[in-house]
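Report on the structure given below.
We're numbering straight along the sequence, starting at 1. The structure displayed is predicted, hence computed values, not measured ones. When a ligand or atom number is given, it counts from 1 through the structure's own listing order.
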Amino acid sequence: MIVLVGFMGAGKSTVGRLLADQLGLPFADSDELIEQATGLSIADIFEGFGEAGFREIEARVIVEQLAGPPGVFALGGGAVTSTPVRAALVGHDVVLLEISLADALSRVGGDPRRPLLHRHDLEQIFAGRAGQYRAVATLTVAAAGRSPQEVAQEIAAAVVDPGAVRLDPGASEAGE
Ligand code: S3P
């Protein structure tokens, strides 16, 4: 499966839909799956169950989806903080859409549907996540300052022709 990770506002869902169209694969978004499974909005889950409750539901939904048939899958920005999610990502093509905090905030800063954006320690959250994204990513793509179409194109090229952009840095040592 091709999995898109990165901070809120990186464009994971927009790019993911375009990429899935280009490759003729189904698309899924973890936040949408969570809302379908619970019948609640993300904001309501945070309010009713706290972040810890949200992460539990999120991890369950993601681990199940990753075990299913191939497709393009956009993860919520904080999904990589869950150990079971990081473990389940091993073996998948994990694409990090990289963006600065300033660029992310200029895109989605005022969105009331993203409760984490309003935390006073957002800078620490952003810094703490950077290492976790990089640890799971097999390909990193710059997400800011270019169109979602360009980003999707770059990912499609890397997936269809992995020789052109190495998707898994460890693969060539092991396999060639
Ligand atoms: C979150 C990101 C959101 C959503 C929830 C928590 C986070 O998804 O899962 O609000 O912790 O970064 P997006 O990255 O799609 O905005």
Contact atoms of ligand 1, heavy-atom distance to Leu116 under 4.0 Å: 11 (O)
Gly77-ligand 1 polar pair, N/O distance under 3.5 Å: yes
Side chain, backbone, both or neither: Arg119 near ligand 1, heavy atoms under 4.0 Å: neither
Other residues, nucleotides, ligands: >12 heavy atoms within 6.0 Å of Phe49 CZ: no
Nitrogen or oxygen atoms of Arg113 and ligand 1 under 3.5 Å apart: no
Atoms of ligand 1 close to Pro115 [distance to a heavy atom under 4.0 angstrom, numbered from 1]: 10 (O)
Closest approach of any protein heavy atom to atom 16 (O) of ligand 1, naming residue and atom: Arg114 NE, 2.6 Å
Distance (rounded to the nearest 0.5 Å) between Ile125 CD1 and Phe7 CZ: 6.5 Å
Nearest-0.5 Å distance, NE2 of residue His92 to CG of residue Leu66: 4.5 Å
Partner set under side-chain hydrogen bond (donor to acceptor under 3.5 Å, both in side chains) for Arg107, not counting sequence neighbours: none
Nearest-neighbour protein heavy atom for atom 12 (O) of ligand 1, which is reported as residue plus atom name and distance: Arg129 NH1, 2.8 Å
Nearest-0.5 Å distance that lies between atom CE in Met8 and atom CZ in Arg129: 5.5 Å
Ligand 1 to Gly9 polar contact by distance, N or O atoms, under 3.5 Å: no
For the student: nearest non-hydrogen atoms of Leu25 and Ile2, plus distance: CD1-CD1, 4.4 Å
Gly76 neighbourhood, listing ligand 1 atoms whose heavy-atom distance to it stays under 4.0 Å: 8 (O), 9 (O), 14 (O)
Within 6.0 angstrom of Gln149 CD, more than 12 heavy atoms from elsewhere: yes
Nearest heavy atoms of Thr140 and Ala137, plus distance in Å: OG1-CB, 4.1 Å
Within residues 51-62 or reaching into it, pairs that qualify as side-chain hydrogen bond (donor to acceptor under 3.5 Å, both in side chains) - sequence neighbours excluded: Glu51-Arg55, Glu51-Arg119, Arg55-Glu58
Least distance between heavy atoms, Leu139 atom then Ala158 atom: CD2-CB, 3.8 Å
Options Lys12, Arg107, Glu58, ranked by nearest heavy atom to atom 14 (O) of ligand 1, top entry: Lys12
Protein residue, atom and distance nearest to atom 4 (C) of ligand 1, heavy-atom basis: Asp31 OD2, 3.2 Å
Any N/O pair Arg55/ligand 1 closer than 3.5 Å: yes
Glu51 near ligand 1 by a heavy-atom separation under 4.0 Å: no
Protein contact of atom 7 (C) of ligand 1 - nearest heavy atom, named by residue and atom, plus distance: Gly78 N, 3.3 Å
Proximal ligand 1 atoms for Ile42, defined as those under 4.0 Å from one of its heavy atoms: 5 (C), 10 (O)
Proximal atoms of ligand 1 relative to Phe54 (non-hydrogen, under 4.0 Å): 9 (O)
